[in-house]
Number of protein chains: 2
Amino acid sequence: MAVETVSAALTLKDIAREAGVSLATVDRVLHNRPGVRPDTVRRVQETIARNAFHPHVAAAELARGRARRFAFVMPTGANPFMQQIEAYLGEMSAWLSARRLSVELINTDVFDPSVLAASLETLSGDYDGVAVVALDHPGVRAAINDLVDAGTKVVTLVSDVPSSRRHHYVGIDNIAAGRTAGALVGRLVGEKPGKVAIIAGSQGLRDHAERIFGFNQVMASEFSRLDILPLLEGRDDDDRSEQLISRLLDKHPDIISLYNVGAGTQGVAKALTEAGREKQIVFIAHDLTAMTRRLLLQGTLDVAISQNPGHEARAAVRVLLSLARNEPILSEQENIRIDILMRDNLP
Amino acid sequence: MAVETVSAALTLKDIAREAGVSLATVDRVLHNRPGVRPDTVRRVQETIARNAFHPHVAAAELARGRARRFAFVMPTGANPFMQQIEAYLGEMSAWLSARRLSVELINTDVFDPSVLAASLETLSGDYDGVAVVALDHPGVRAAINDLVDAGTKVVTLVSDVPSSRRHHYVGIDNIAAGRTAGALVGRLVGEKPGKVAIIAGSQGLRDHAERIFGFNQVMASEFSRLDILPLLEGRDDDDRSEQLISRLLDKHPDIISLYNVGAGTQGVAKALTEAGREKQIVFIAHDLTAMTRRLLLQGTLDVAISQNPGHEARAAVRVLLSLARNEPILSEQENIRIDILMRDNLP
DNA sequence: CTCAAAATGAGTTGCGTACCTCAAAACACC
DNA sequence: GGTGTTTTGAGGTACGCAACTCATTTTGAG
């Protein structure tokens with residue numbers, strides 16, 4: 001059975017002949033140019049559909065001749081996850097260059113809405129597409145909508161602004177990620193009752209808040225025997241997280257699980273090992289880095305919930321390119337999964 | 001910081017001018033054609049490297065003008081995982097057609113080495129690339145090597161033949177998948193001791209054997225308190241698996257976990273629910289289908305370990321294309337992960 | 001039927017590369 | 001110096017499409 005029949009490759013000329021029109025008319029139909037009668041449009045489109053004709057992308061790209069420019073607006077600072085995304089973008093440079101695409105990184109304080117909005121406003125007109133790690137704020141939403149209105153394709157990355165008219169979101173469902181963490185905690189601690197601690201960067205971060213929401217949802221509905229301690233805020237900082245967790249462990253000898261919503265995993269792990277309780281406590285955190293990989297292999301960390309930064313980088317570029325070319329997006333391919341990583345399925 | 005500087009796009013002509021040679025010479029160097037003095041070759045290559053020049057893929061593809069044919073040799077029969085791969089190949093038809101690529105499915109009894117080898121031999125010369133779900137057998141290995149020698153690019157899919165000279169393997173490490181299953185069983189059953197049952201399609205299948213090996217490895221080294229029952233062979237058949245498991249559950253009231261290595265998950269689930277023990281027994285199986293999804297949501301199935309069939313289909317095509325074009329392969333992108341799927345992180 | 005507007009045909013150019021031919025130049029050897 | 005060989009240059013054609021111009025035909029309104 002052949003998925004794709006091997007037929008002589010059709011060209012626009014063939015379509016024109018079969019539809020009984022000229023090349024120019026086919027071109028007008030194909031690019032929604034005016035000056036074609038509705039029934040002629042229909043006849044051409046039917047011929048295209050009947051023959052399952054798709055313009056040769058290589059020829060189209062070559063003829064269009066334009067290089068495309070994309071901008072990636074990323075947070076300043078040393079967030080390892082963001083740095084991984086940037087690194088993977090760098091690895092694509094040969095791929096990009098062979099397609100006459102350019103990607104420029106623009107580092108901004110994405111946590112200050114006015115700064116972020118101002119950054120976005122400056123991009124208007126200069127780029128064919130923009131990927132942005134966005135804060136959900138009215139000013140940012142307006143800036144995104146302005147870009148869209150100016151004809152720029154916009155995708156949100158890692159963190160979404162659903163209320164804007166962005167064309168696409170590349171990232172995970174953080175509520176589902178939190179629910180996954182909750183289910184894992186509940187299942188891994190076994191039958192015994194006890195206390196569960198949660199530490200996040202800040203409740204003000206949308207992704208952290210959503211994860212906490214999902215986590216609490218599952219704990220309340222399915223593992224009510226477990227006692228959830230009040231949320232700690234470690235500000236994604238190793239030292240601060242370590243101190244907070246150390247104190248907490250001293251105070252509660254009956255903690256059986258720990259969920260770190262954001263960064264600062266190294267600090268939490270240090271507190272755990274210094275208390276000598278890394279084997280008894282089920283520890284779940286986010287993201288795969290050299291450090292979390294080590295902690296998983298050691299057994300200090302039980303599960304890392306992660307999203308694949310390389311996949312996100314490539315998906316964002318591909319989606320922007322498809323949008324710019326008015327091609328359909330392979331949604332199944334660009335969908336980012338919530339990865340559950342344990343010691344034995346590390347990539 | 002710009003990942004990719006926005007420079008005027010270079011062309012072959014620019015390279016020729018900068019290296020002080022003609023277009024023809026650059027072309028000879030680029031395609032390893034003879035008749036160029038070694039130091040001229042070096043000079044041109046240095047110019048290319050210095051400018052990080054990559055030939056425009058669209059122009060190259062158009063100029064080359066050849067349509068490329070790929071063949072996918074897949075098992076006959078109703079294996080749902082293979083059918084999903086075939087379905088995803090079908091979904092790519094527009095993408096393929098726009099690139100003048102064709103993919104043909106060839107269904108063969110891949111479990112009969114001589115039939116598979118004969119099938120592969122018939123392909124020689126007709127295709128630019130072949131993806132094959134291969135049995136690891138000397139005859140098959142020889143057939144693969146013959147294809148490679150004839151200049152055809154070969155990737156093994158889902159199941160590898162490491163001893164052959166195939167160019168690439170697209171699939172997971174099944175030993176690691178088995179280890180992952182073992183670790184999950186050990187962690188999810190909690191502290192209590194009890195019996196663990198394993199059912200596979202057949203020990204003769206390489207992927208099943210590897211999963212069992214990995215599973216036993218982890219059980220022996222880390223969860224020796226658990227008692228592993230002798231392996232059952234369900235032949236990937238629902239009815240047979242149901243009967244075997246029903247009988248087993250009757251005989252052993254102290255079974256606390258069940259690992260299904262292959263297909264037949266529906267039969268196993270039926271036996272579990274009819275015995276009324278689906279909530280007490282930790283049940284782990286492979287692959288995500290409509291049925292395993294339903295079982296996960298119901299709570300009958302605790303974890304599905306899977307490989308993403310859409311990703312495998314696309315990765316196989318992309319790898320074949322890169323090989324045919326003599327382009328580098330983005331290994332991180334084409335690497336297939338072992339997915340741990342639970343109720344809350346279903347895609 | 002007339003005339004302007006709309007629709008269509010016919011044609012051109014250029015995108016960057018692959019692949020080819022043929023002539024000219026450089027070189028090696030004696 | 002002449003010979004033959006290797007290396008290089010110059011140029012052309014083709015690939016399929018986008019984007020454009022301009023002439024011609026068709027259409028519909030009056």
Side-chain angles (χ1 to χ4, degrees), chain A residues 7-45 47-48 51-68 96-101 128 324-327, chain B residues 7-45 47-48 51-68 96-101 128 324-327:
Chain A
S7 44
L10 292 179
T11 71
L12 278 183
K13 199 159 35 165
D14 301 315
I15 299 298
R17 185 160 18 83
E18 184 166 336
V21 297
S22 73
L23 260 177
T25 300
V26 178
D27 184 67
R28 289 181 184 112
V29 172
L30 216 52
H31 299 92
N32 302 313
R33 288 190 244 276
V36 184
R37 239 175 316 166
D39 59 319
T40 309
V41 171
R42 197 160 4 90
R43 200 166 77 243
V44 173
Q45 282 174 339
T47 309
I48 290 176
N51 296 67
F53 169 77
H54 300 272
H56 194 323
V57 285
E61 205 54 19
L62 188 58
R64 186 175 296 109
R66 264 183 43 233
R68 300 188 191 276
L96 292 166
S97 156
R99 287 159 184 76
R100 298 303 181 264
L101 304 175
D128 300 288
R325 286 179 178 167
N326 290 317
E327 279 177 0
Chain B
S7 45
L10 293 178
T11 69
L12 278 182
K13 203 165 20 174
D14 301 314
I15 299 297
R17 186 161 15 83
E18 184 166 336
V21 298
S22 72
L23 257 177
T25 301
V26 178
D27 182 70
R28 289 179 184 113
V29 171
L30 217 53
H31 299 92
N32 303 312
R33 288 191 246 274
V36 185
R37 243 175 312 165
D39 58 319
T40 309
V41 172
R42 197 161 1 91
R43 202 166 74 243
V44 173
Q45 282 174 340
T47 310
I48 290 176
N51 297 70
F53 169 78
H54 300 273
H56 194 323
V57 285
E61 211 45 25
L62 185 59
R64 187 174 294 109
R66 260 181 50 230
R68 299 187 191 276
L96 292 166
S97 157
R99 286 158 184 77
R100 299 301 182 266
L101 303 175
D128 300 287
R325 286 180 178 168
N326 289 318
E327 280 178 358

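Per chain, numbering begins at 1; letters A, B, ... match sequence-line order. As a basis for the values below, the full set of heavy atoms in this structure was taken, side chains included, without hydrogen atoms, waters or symmetry mates.
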Verdict with supporting geometry, Val57(B) and Glu327(B), side chain to side chain contact (heavy atoms under 4.5 Å, CB included):
CA-CA 10 Å; Val57(B) 285; Glu327(B) 280 178 358; 3.5 Å; yes
Yes or no on salt bridge (charged side-chain N to carboxylate O under 4.0 Å, His left out) for Glu61(B) and Arg100(B), after CA distance, side-chain angles and deciding distance?
CA-CA 9 Å; Glu61(B) 211 45 25; Arg100(B) 299 301 182 266; over 6 Å; no
Check against side chain to side chain contact (heavy atoms under 4.5 Å, CB included), Leu12(B) and Phe53(B):
CA-CA 9 Å; Leu12(B) 278 182; Phe53(B) 169 78; 3.7 Å; yes
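The nearest whole Å value for the distance from the CZ atom in Arg99(A) to the C1' atom in dG16(C) is 15 Å. Following rounding to the nearest Å, Arg33(B) (CZ) and dA18(C) (P) show an atom-to-atom distance of 8 Å. Between His56(B) atom NE2 and dG16(D) atom P the separation is 17 Å, expressed in whole Å. In this structure, Lys13(A) atom NZ and dA18(D) atom P are separated by 15 Å, rounded to whole Å. Straight-line distance from the CG atom of Asn32(A) to the C1' atom of dA18(D): 14 Å, rounded to whole Å. In this structure, Leu12(A) atom CG and dA19(D) atom P are separated by 12 Å, rounded to whole Å. Counting to the nearest Å, the P atom of dC17(D) and the NE2 atom of His54(A) are 12 Å from each other. Between Leu10(A) atom CG and dC15(D) atom P there is a gap of 15 Å when expressed in whole angstrom units.
Every residue two or more places apart in sequence or in another chain that forms a side chain to side chain contact (heavy atoms under 4.5 Å, CB included) with Val36(B) is listed here: Thr25(B), Arg28(B), Val29(B), Thr40(B), Val41(B).
Here the side chains of Arg43(A) and Val21(A) are in contact, with some heavy-atom distance below 4.5 Å.
Under the Watson-Crick or G-U wobble criterion, with both distances below 3.5 Å, dT12(C) is paired with dA19(D).
Considering only side-chain N and O atoms, His31(B) lies under 4.0 angstrom from the phosphate OP1 or OP2 of dA18(C).
Here Ile48(A) contributes atom CD1 and Leu10(A) contributes atom CG; the two are 10.5 Å apart, rounded to the nearest 0.5 Å. Taking NE2 of His54(B) as the start and CZ of Arg99(A) as the end, the distance is 10.5 Å to the nearest 0.5 Å. Taking CG from Leu101(B) and CG from Asp128(B), the interatomic distance works out to 9.0 Å, rounded to the nearest 0.5 Å.
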Taking N or O atoms only and anything under 3.5 Å, show me the protein contacts with nucleotides 6-13 of chain C, one pair per line.
residue: dA7(C); atom: O3'; partner: Arg37(A); partner atom: NE; Å: 3.2
residue: dA7(C); atom: O3'; partner: Arg37(A); partner atom: NH2; Å: 3.2
residue: dT8(C); atom: OP1; partner: Arg37(A); partner atom: NE; Å: 3.4
residue: dT8(C); atom: OP1; partner: Arg37(A); partner atom: NH2; Å: 2.9
residue: dT8(C); atom: OP1; partner: Thr40(A); partner atom: OG1; Å: 2.5
residue: dT8(C); atom: OP2; partner: Arg37(A); partner atom: N; Å: 2.7
residue: dG9(C); atom: OP2; partner: Ser22(A); partner atom: N; Å: 2.6
residue: dG9(C); atom: OP2; partner: Ser22(A); partner atom: OG; Å: 3.0
residue: dG9(C); atom: OP2; partner: Thr25(A); partner atom: OG1; Å: 2.8
residue: dG9(C); atom: O6; partner: Arg28(A); partner atom: NH2; Å: 3.0

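Taking a 4.0 Å limit (strictly below) on heavy-atom distances, residues 60-68 of chain A reaches DNA chain D at Ala60(A), Ala63(A).
Distance from the side chain of Asp27(A) is smallest for dA19(D) among the nucleotides dT17(C), dA19(D), dA18(C).
Ion pairing between Asp39(A) and Arg42(A) fails under the 4.0 Å rule for side-chain N and carboxylate O.
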